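Working notes, structure below.
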Amino acid sequence: MDRSYLSDQQVVEASRGFVCARLITFEDSEEAKLMKRLFGGRRLVNTMFTIMDPSGKNALVRAGRSTRMAFDDAAAMAVEMRAVLTRFPGRKNVAAADLGLPVLEDVRIALNVTECDAQQLVILRGNVQQVEELRKQLTELSWSPKLVGRFLYSVADDKTDWQALKGAAKAAKAGVLIVRSEPYGLTGEVVADAKAAVTVKELEKMLVAAVASHKPKAVDTRRLRRRGIRNGVQWQTELSAPKGR
Amino acid sequence: MNACNRLLLGLALAAPVVAQGPRPGVTTDWSKVEARIAWHGTWTGALAAAEASQRPILLVFAAPHCGLVPGMW
């Protein structure tokens, strides 16, 4: 994925007028069909980029392997995004509830992505009713200027491997957990938690404190990859991925 | 080897390094990244949000592994 474009501050600013979807390749058969339809290919590729109209049916920018293939630089991408927003400005007064909580449902994948992004993961845990209530509270907070784009969100289910998360056994069995991933994103550690009865104000305080105390370091991915290969660290994709991807 | 030759040898050895420069994408200093994009992680969620807000969609597919080593784009 092209970090230099997607972390550019002009692009990030323009993205606030879009719905941004980052789908994980080789993990979901329905999303794989979408990629094949958009990219016009029979096989899945590692990365793909496009801009679509609000119906999600029409591509406004031809689908390509990366942002770099579509634009000369991040500034050009931001210009194009702003042009798209003049054609599709969106509804006025969009509420956080309209946008929904930006979740990546599978905790295992979300933890991996958290590590890729050097961010923190918020996990919702509990029964259906408790999770729904927490989702509502977090939706408001997740789109607030202070916290937008600061966390990844995921919902625990029966398949969640709590053994991979240090401190999960002692954390709230129903509530919100803030997790920091460890190198390679296969494991993590609970750094804060709140019970399901938490108020929005308490949640906000917890999230803001987690942002303030999180100091991600520079990552040399080339060195990390070499070490990972030496130590046999490997990701299992749900769908078959071409060798070397 | 006189000083001039030593200087020329030093420049010759350093040239490839200077020409190569920093390798983009190898090292990411996350402390310098201020605001981030807020990503929906599912197409269903993104589509529902786009329908409700009538906003266009920035769509990216990405694999969180490199040579199947996880934790990196």
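By convention in this document, chain letters (A, B, ...) are assigned in the order of the sequence lines, proteins followed by strands, and residues within each chain are numbered from 1. Keep in mind that this is a model prediction, so the values were computed, not measured. Note that these values count all heavy atoms, side chains included, but never hydrogens, waters or copies made by symmetry.
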Could you walk me through whether B:Arg36 and A:Arg150 pass the side-chain contact (heavy atoms from CB on, under 4.5 Å) check? CA-CA 7 Å; B:Arg36 308 272 194 107; A:Arg150 293 289 186 174; 5.8 Å; no
Exercise for the section: Please check if atom CZ in A:Arg62 has more than 12 non-hydrogen atoms from other residues, nucleotides or ligands closer than 6.0 Å. Expected result: no
**Prompt:** Should we say atom CD of A:Glu13 is surrounded by more than 12 heavy atoms from elsewhere, each under 6.0 Å from it?
**Reply:** no
side-chain contact (heavy atoms from CB on, under 4.5 Å) assessment of B:Leu58 paired with A:Met81 | CA-CA 9 Å; B:Leu58 178 73; A:Met81 288 170 75; 4.2 Å; yes
Checked A:Asn93, A:Val103, A:Leu85 vs chain B; the most non-hydrogen pairs under 4.5 Å come from A:Val103
Heavy-atom check, side chain of [X] versus side chain of [Y], under 4.5 Å:
X: B:Val69; Y: A:Ile229; answer: yes
X: B:Phe61; Y: A:Thr47; answer: no
X: A:Asp28; Y: B:Thr42; answer: no
X: B:Pro70; Y: A:Asn112; answer: yes
X: B:His40; Y: A:Arg22; answer: no

Looking only at heavy atoms, the pair that brings A:Asp98 and B:Ala52 closest together is O-CB, 3.5 Å
Hits for side chain to side chain donor-acceptor pair (under 3.5 Å) against A:Ser213, two or more places apart or cross-chain, chain-then-number order -> A:Arg180
The interface call for B:Ala48 against chain A, heavy-atom contacts under 4.5 Å, is backbone
Whatever's closer than 4.5 Å to a heavy atom in chain A on B:Glu51 counts as backbone
- Begin with the C-alpha distance, continue with both residues' side-chain angles, and end with the deciding distance and a verdict on side-chain contact (heavy atoms from CB on, under 4.5 Å) for A:Leu6 and B:Ile37. CA-CA 7 Å; A:Leu6 297 172; B:Ile37 293 177; 4.2 Å; yes
Next item on the list: Check the pair A:Asp117, B:Trp73 against side-chain contact (heavy atoms from CB on, under 4.5 Å), reporting the backbone distance first and the verdict last.
Entry: CA-CA 8 Å; A:Asp117 280 353; B:Trp73 294 117; 2.9 Å; yes
